[in-house]
Participant: 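Okay, here's the structure, questions in a sec.
All heavy atoms count here, side chains included; hydrogens, waters and symmetry mates do not. Order of the sequence lines sets the chain letters (A, B, ...), proteins ahead of strands, with each chain counted from 1.
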Amino acid sequence: MSAPTIRDRLYEAPGPRTRRRVALFTVLALIGLGFLLFIIIRQFARQGQLEARYWDFFLKWSTWRYLGQGLLSTLKAALTAAVIAIALGFILMRGKLRQNPVPRWIATAVIEFTRGVPTLLLIYFFFLVLPRMGLNLGAFWRITLPCAISASGIIAEAFRAGVNAVPKGQAEAALSLGLSNTRTFYQVVFPQALRFVIPSLISELVIVLKDTTFAYVVSYADLMQHAKVLITSHDALVSVYLVVAVIYILINYALNRMSDRIAQGNRRPTVQRQGGAA
Amino acid sequence: MSLSALLSEYGDLYLRALLNTWRLTALCFAGAFAIGVAITVLRVCPVKPLRVFGDFFVQVFRNIPGAALLILLVYALPRLRVLLSYEMCVIVASVLIPSAFCSEHLMSGMNTISPGEIEAARALGLTFTQLIGRIVIPQALRSTVLPMTSLVVGTMLTTALGSQVPLRPNQLELTGAVNYINSRAVGGILAFAISAALYVATALVIGWVGGRIDRKVRILR
């Protein structure tokens, strides 16, 4: 928010003529957008979607408690998936940064695989193929594991970018002090890298959270499933799905904002070299 | 089922599914790109209501889960007397979501342009339209080739939503094709592996082409 963005640079204080033109366009835009809103609301009204029976149950506490339970399951699945994805991503990143070509090659292949395959395909794999092979996971793991695997590759790349963002001199200094490769990585490089990585890990949580909406495929009772139950019990499809979509949007928006905030705090470099460029 | 049996029986289906995934990806990315550019112009224009609308649009489609958007398009729109075909619903979802990300990439691309260029353009008397069309957007595009490349792959992954609606066999994309095969025969791991390999190969080609374009057009500062 504080850093000047392109928006601030594109125009300076306008003169009287420009001000009039901007004012004119502002009025026109308001009319246009208002008209758009009007058409949407009119369409809702004409199809009877604004009737009280479609909306009044949102005033009841039990409705929100029920949606809240679904949301809790969604968050549980998303957080579990995120933790597994971070662990996998870390292992993949370690593999990719090895000198030895074999683990490096394997890690690269896995990363490219997870980044190129849709989560849905992985979900169907866990849902359709694994049970036939005798591996019977519960609904929770059938949604959590594919989401985790799908996100692990991107997380590995985020970790790698973070490690690469730590100035080389840090590792060189640690090594020249006699620290082993492992200690250099875990005590010097990685803690600094983590700071850069945290914003992208939070954005990753957004992706995982979105992917868990496919939970209906494996019949895991997440927010969407609870919404479906509400829809059948109140016979109100449009309002319930709209409200649920807004809930998802607000949560993800909040997460993204948090990630941006932290990223902004990170602009200031951790370690500054005295004099001269780092 | 062995590989040869699978391919002899379903080879055509896979080929058509691959072509459908490519077609959907190209079509949706083109749409997303056009909308993304337009929304970005709205987000930086001097007219405040349009800026707010642009930001709102981006936040909505950047944060809505694909499944939620698809469900709204497929089930909620018909109740508002807006009827789209199943394929159209998939296309609309796979256009709107990437378009928000496209705009976000363009916004961060714009931030790499040095203020001096914009001041120079204004000093030369360029109007807002000229400034955006000739100075800002071209440079923003040139510095965002790599994120846009990931966005093409992301669009491809979004088109897997096609497996969530009942499409005709000749409209199936790669994920839907695997489901189709699995519902009629035991395709097993192999059926999935073929689709996955085709996805990954496509993603690698897209990444490679994107890298080439990036090296050609990137502005070295």
Participant: Of the backbone (N, CA, C, O) and the side chain (C-beta and beyond), which part of B:F128 lies under 4.5 Å from a heavy atom of chain A, both, or neither?
Facilitator: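 Looking at B:F128, just its side chain touches chain A.
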Participant: Minimum heavy-atom separation for B:L157 to A:V117, with atom names?
Facilitator: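 That would be CD2-C, 3.7 Å.
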Participant: Only pairs of heavy atoms separated by less than 4.5 Å count here; which of B:I206, B:T175, B:L161 has the most with chain A?
Facilitator: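 Ranked by heavy-atom pairs under 4.5 Å with chain A, first place is B:T175.
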Participant: Below 4.5 Å, heavy-atom pairs only: which of B:G154, B:A160, B:P46, B:G176 has the largest tally toward chain A?
Facilitator: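 Of the options given, most contacts go to B:P46.
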Participant: In the structure I gave you, are the side-chain heavy atoms of B:Q164 and A:Y216 within less than 4.5 Å of one another anywhere?
Facilitator: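 In short, these two side chains touch, coming nearer than 4.5 Å.
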Participant: Contact part of A:L128 toward chain B, heavy-atom cut-off under 4.5 Å: side chain, backbone, both or neither?
Facilitator: side chain
Participant: Would you check if B:I64 and A:Y248 make a side-chain contact, meaning some heavy-atom pair closer than 4.5 Å?
Facilitator: no
Participant: For A:G116 versus B:Y199, what's the shortest heavy-atom pair and its separation?
Facilitator: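 Closest pair (atom of A:G116, atom of B:Y199, distance): O-CB, 3.3 Å.
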Participant: Mind checking which of residues 232-244 of chain A sit less than 4.5 Å from chain B, heavy atom to heavy atom?
Facilitator: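 Only A:L237, A:V238, A:Y241, A:L242 of residues 232-244 of chain A have a heavy atom under 4.5 Å from chain B.
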Participant: Any idea which heavy atoms bring B:F192 and A:F125 closest together, and the distance?
Facilitator: CE2-N, 3.3 Å
Participant: Taking side chain as everything from C-beta outward and backbone as N, CA, C, O, which of these in B:I132 sits under 4.5 Å from a heavy atom of chain A? Side chain, backbone, both or neither.
Facilitator: side chain
Participant: Pick one of side chain, backbone, both or neither for A:R115, based on which atoms fall under 4.5 Å of a heavy atom in chain B.
Facilitator: backbone
Participant: Looking at A:R104, I'd like to know if its CZ atom is crowded, meaning that more than 12 non-hydrogen atoms belonging to other residues, nucleotides or ligands lie closer than 6.0 Å.
Facilitator: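 Result for CZ/A:R104: enclosed.
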Participant: Heavy atoms only, distances under 4.5 angstrom: which of A:V22, A:V206, A:N256 has the most pairs with chain B? Name it, please.
Facilitator: A:N256
Participant: Go through the steps for B:R81 and A:Q43 under the test side chain to side chain contact (heavy atoms under 4.5 Å, CB included), then give the verdict.
Facilitator: CA-CA 8 Å; B:R81 286 278 178 280; A:Q43 196 66 14; 3.7 Å; yes
Participant: Within a radius of less than 6.0 Å around CZ of B:R79, do more than 12 heavy atoms belonging to other residues, nucleotides or ligands occur?
Facilitator: no
Participant: Between B:S195, B:A196, B:A68, B:A203, who has the most heavy-atom pairs with chain A when the cutoff is under 4.5 Å?
Facilitator: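 If we count pairs closer than 4.5 Å to chain A, B:A196 comes out on top.
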Participant: Counting heavy atoms not belonging to A:F58, are there more than 12 under 6.0 Å from its CZ?
Facilitator: yes
Participant: Report the distance from atom NZ of A:K210 to atom CG of B:L69, rounding to the nearest 0.5 Å.
Facilitator: 10.5 Å
Participant: What is the minimum heavy-atom distance between B:V47 and A:A29, and which atoms define it?
Facilitator: CG1-CB, 3.8 Å
Participant: Can you name the closest pair of heavy atoms from A:F214 and B:A67 and give their distance?
Facilitator: CE2-CB, 3.7 Å
Participant: Heavy-atom pairs under 4.5 Å with chain B are the metric here; pick the option from A:I40, A:T18, A:L30 that has the most.
Facilitator: A:L30
Participant: Looking at B:R134, I'd like to know if its CZ atom is crowded, meaning that more than 12 non-hydrogen atoms belonging to other residues, nucleotides or ligands lie closer than 6.0 Å.
Facilitator: no
Participant: Quick one: which of A:L121, A:L209, A:T26 has the most heavy-atom pairs under 4.5 Å with chain B, could you say?
Facilitator: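 Option with the top pair count is A:L121.
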Participant: Under a 4.5 Å heavy-atom cut-off, does chain B meet the side chain of A:Q49, its backbone, both or neither?
Facilitator: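 Interface part for A:Q49: side chain.
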Participant: Please flag which part of A:V246 lies under 4.5 Å from any non-hydrogen atom of chain B: side chain, backbone, both or neither.
Facilitator: neither
Participant: I'd like to know whether CZ of A:R42 has more than 12 heavy-atom contacts from other residues, nucleotides or ligands below 6.0 angstrom.
Facilitator: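 Counting other residues, nucleotides and ligands, CZ of A:R42 exceeds 12 neighbours.
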Participant: Should the heavy atoms of other residues, nucleotides or ligands under 6.0 Å from CZ of A:F57 be counted, would the total exceed 12?
Facilitator: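 Above 12, so yes.
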Participant: Check the surroundings of atom CH2 in B:W22: do more than 12 heavy atoms from other residues, nucleotides or ligands lie under 6.0 Å from it?
Facilitator: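 At most 12 heavy atoms, drawn from other residues, nucleotides or ligands, come within 6.0 Å of this atom.
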Participant: Evaluate side chain to side chain contact (heavy atoms under 4.5 Å, CB included) for A:Y124 paired with B:N179, printing each intermediate quantity in order.
Facilitator: CA-CA 8 Å; A:Y124 278 115; B:N179 281 348; 3.1 Å; yes
Participant: Could you go step by step and tell me if A:N252 and B:R62 meet the side chain to side chain contact (heavy atoms under 4.5 Å, CB included) rule?
Facilitator: CA-CA 9 Å; A:N252 290 336; B:R62 189 185 144 171; over 6 Å; no
Participant: Heavy-atom distance under 4.5 Å to chain B: side chain of A:I249, backbone, both or neither?
Facilitator: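 Both parts, backbone and side chain.
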Participant: Checking B:V153 against chain A: side chain, backbone, both or neither under 4.5 Å from a heavy atom?
Facilitator: side chain
Participant: Any non-hydrogen side-chain atom of B:L80 less than 4.5 Å from a side-chain atom of A:F44?
Facilitator: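 Contact flag for B:L80/A:F44 side chains = yes.
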